[in-house]
> 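A single structure is presented below for examination.
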There are 2 protein chains.
Amino acid sequence: MNIGDVSRESGVSTKMIRYYEEIGLIPAAHRTEAGYRIYCEKDVHKLRFIRRARDLGFSVTQLTELLALWSDGHRASADVKRIARQHIAELEHKLQELQAMTDALKHLAEHCHGDHRPECPILEDLAGAIEVEARHMDLTRFGAGGVDPVRRKKEIL
Amino acid sequence: MNIGDVSRESGVSTKMIRYYEEIGLIPAAHRTEAGYRIYCEKDVHKLRFIRRARDLGFSVTQLTELLALWSDGHRASADVKRIARQHIAELEHKLQELQAMTDALKHLAEHCHGDHRPECPILEDLAGAIEVEARHMDLTRFGAGGVDPVRRKKEIL
DNA sequence: CTGCCGTTTCCAACGGTTGGAAGGTCAAGT
DNA sequence: ACTTGACCTTCCAACCGTTGGAAACGGCAG
């Protein structure tokens, strides 16, 4: 099988297959005399595994661990579960932050007339707390725990 | 005020201030004879505006629009609300996908013994549906609507 | 032999942010 | 006047995962 075939069968793009090989997530494929990569059914399975894990949001780093455990017949399921739990925690963290953003923005949007007039509570909020009280309430909804907002954004979006 | 001062007062890093200037989100700052950027209170306000919008997850592109509306005294609040609504929709979309990932993964983790034995439903699921029925159920929880999974990941994480 | 499609490698971009290196400036202390 | 340290400048690179494109070659059917 050529790379296009495994791509179609696994749902991983040829670009990404080459990339995964480059970063060492999958071993370098054998080549034909002309330099074409050759794959077998086993590779298709592995790529499907990768794709499913990516669909669940696992990072490539986590994938490396998962693949190692997958191919280790003597693995302890506790190790797999630990990785999964850690990832779940990350996902839930993102969920919380995303939810906070959504709530805050929806709250603002609800109070915006949305007509031809320039007055707009959304802009007022962004411009920095004309109504300090209300603003403070919205902020505390976010910052429970005082998380660095810069760091926050990176993790979420 | 130098760039470090506005950075402290606005909460936007000096790196990002220069970046925002480079991409045209904010106009190029005036310079001293030595080439130092000079800022005033107005710039601090603008950067605070930017930071708050970024904290709410607005993209730089959306920020460009928001800044334009902010400085336009004749704006219609409807335009602001439209941008906000669109962003809310994006956030809610990400929330849904993230929630689906979390649910699926939690479901798998719950059924994993997490002991010394190698048997692991998480790996089995990733490896591709030993129990096809259950697997299918989990998948449909995701793909309601048949969204391209590749596109999905990009949007969410 | 000529198309056409698949494959190869390499380079770039996305978005937003951070880090570091190499060098110039400013203000305070000695 | 000189040093020191904190600040500023630009430029380049990296993160992460994915996509796009260009230029060149292989494989196969007509």
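Values reported hereafter were calculated over all heavy atoms of this structure, with side chains retained and with hydrogens, waters and symmetry mates removed. Letters A, B, ... mirror the listed sequences (proteins, then strands); counts begin at 1.
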> What is the distance from CG of A:D5 to C1' of D:dG26, rounded to the nearest Å?
15 Å
> Considering residues at least two apart in sequence or located in another chain, which fulfil the side-chain contact (heavy atoms from CB on, under 4.5 Å) criterion with A:T32?
A:A34, A:Y36, A:I38
> Can you tell me which nucleotide in C:dG16, C:dT7, D:dG17 comes closest to the side chain of A:M16?
D:dG17
> Measure the distance from CD1 on B:I17 to P on C:dG16 and round it to the nearest whole Å.
17 Å
> Excluding sequence neighbours, so at least two apart, what forms side-chain contact (heavy atoms from CB on, under 4.5 Å) with B:H116?
none
> Please work out which residues in residues 35-43 of chain B have a non-hydrogen atom less than 4.0 Å from an atom of DNA chain C and list them by number.
B:Y36
> Kindly write out the residues that satisfy side-chain contact (heavy atoms from CB on, under 4.5 Å) with A:E90, not counting sequence neighbours, or none if the list is empty.
A:Q62, A:Q86, A:H87
> List the steps and the verdict of side chain to side chain contact (heavy atoms under 4.5 Å, CB included) for B:Y39 and B:V44.
CA-CA 8 Å; B:Y39 297 93; B:V44 174; 5.9 Å; no
> Can you name the atoms? Protein N/O to nucleotides 3-5 of chain C N/O, anything below 3.5 Å, with the distance.
none

> Does anything in residues 13-23 of chain B form a salt bridge (charged side-chain N to carboxylate O under 4.0 Å, His left out)? List the pairs, not counting sequence neighbours.
B:E21-B:R31, B:E21-B:R37
> Rounded to whole Å, how long is the line connecting atom CZ of B:R8 with atom C1' of D:dA6?
10 Å
> Can you check whether B:Y19 has a side-chain N or O nearer than 4.0 Å to OP1 or OP2 of C:dT18?
no
> With B:Q96, which residues qualify under side-chain hydrogen bond (donor to acceptor under 3.5 Å, both in side chains), at least two apart?
none
> Within the pair A:Y20 and D:dT18, is there a side-chain N or O less than 4.0 Å away from OP1 or OP2?
yes
> With the side chain of A:A34 defined as its heavy atoms from C-beta on, choose the nearest nucleotide among D:dG17, D:dT19, D:dG27.
D:dG27
> Identify which nucleotide among C:dT17, C:dT8, D:dT18 has an atom closest to any side-chain atom of A:R18, counting heavy atoms from C-beta outward.
C:dT8
> May I ask you to evaluate whether A:S59 reaches the phosphate of D:dC16, defined as a side-chain N or O under 4.0 Å from OP1 or OP2?
no
> Going by salt bridge (Lys or Arg N to Asp or Glu O under 4.0 Å), name the residues that satisfy it together with A:R117, two or more places apart in sequence or in a different chain.
A:D115
> Counting only side-chain heavy atoms from C-beta out, which of C:dT8, D:dT10, D:dG17 sits nearest to A:R31?
C:dT8
> Please set out all donor-acceptor pairs under 3.5 angstrom arising from side-chain atoms of residues 4-11 of chain A, sequence neighbours excluded.
unit_1: A:D5; atom_1: OD1; unit_2: A:R8; atom_2: NH2; d: 3.0
unit_1: A:D5; atom_1: OD2; unit_2: A:N2; atom_2: N; d: 2.9
unit_1: A:S7; atom_1: OG; unit_2: A:V12; atom_2: O; d: 2.7
unit_1: A:S10; atom_1: OG; unit_2: A:V6; atom_2: O; d: 2.7
unit_1: A:S10; atom_1: OG; unit_2: A:V12; atom_2: N; d: 3.2

> From the options C:dT8, C:dT18, D:dT10, select the nucleotide whose nearest atom is closest to the side chain of B:S13.
C:dT18
> Using five pairs at either end of the helix from C:dC1-D:dG30 to C:dT30-D:dA1, determine the angle between the two local helix axes and round it to 10 degrees.
30°
> Less than 4.5 Å apart, side chain to side chain, heavy atoms only: is that true for A:L56 and B:L126?
yes
> Which residues satisfy the side-chain hydrogen bond (donor to acceptor under 3.5 Å, both in side chains) test with B:Q99, sequence neighbours excluded?
B:D103
> Do B:I50 and B:I26 come close enough that some side-chain heavy atom pair is under 4.5 Å?
yes
> Once you round it to whole Å, what is the distance between C1' of D:dC25 and CG of A:N2?
14 Å
> Taking CD1 from A:I23 and C1' from D:dC15, how many angstroms apart are they, rounded to a whole number?
13 Å
> Please collect all salt bridge (charged side-chain N to carboxylate O under 4.0 Å, His left out) contacts where either partner lies in residues 69-80 of chain B, sequence neighbours excluded, each pair once.
none
> Looking only at side-chain atoms of B:I3, point me to the closest of D:dT9, D:dG17, C:dG16.
D:dT9
> Does any N or O donor sit under 3.5 Å from an N or O acceptor when you compare the side chain of A:K15 with the base of D:dG17?
no
> Nearest whole angstrom, please: distance from the C1' of C:dG16 to the CG of B:L47.
16 Å
> Starting at CD of B:E22 and ending at P of C:dG16, how long is that distance when rounded to a whole Å?
13 Å
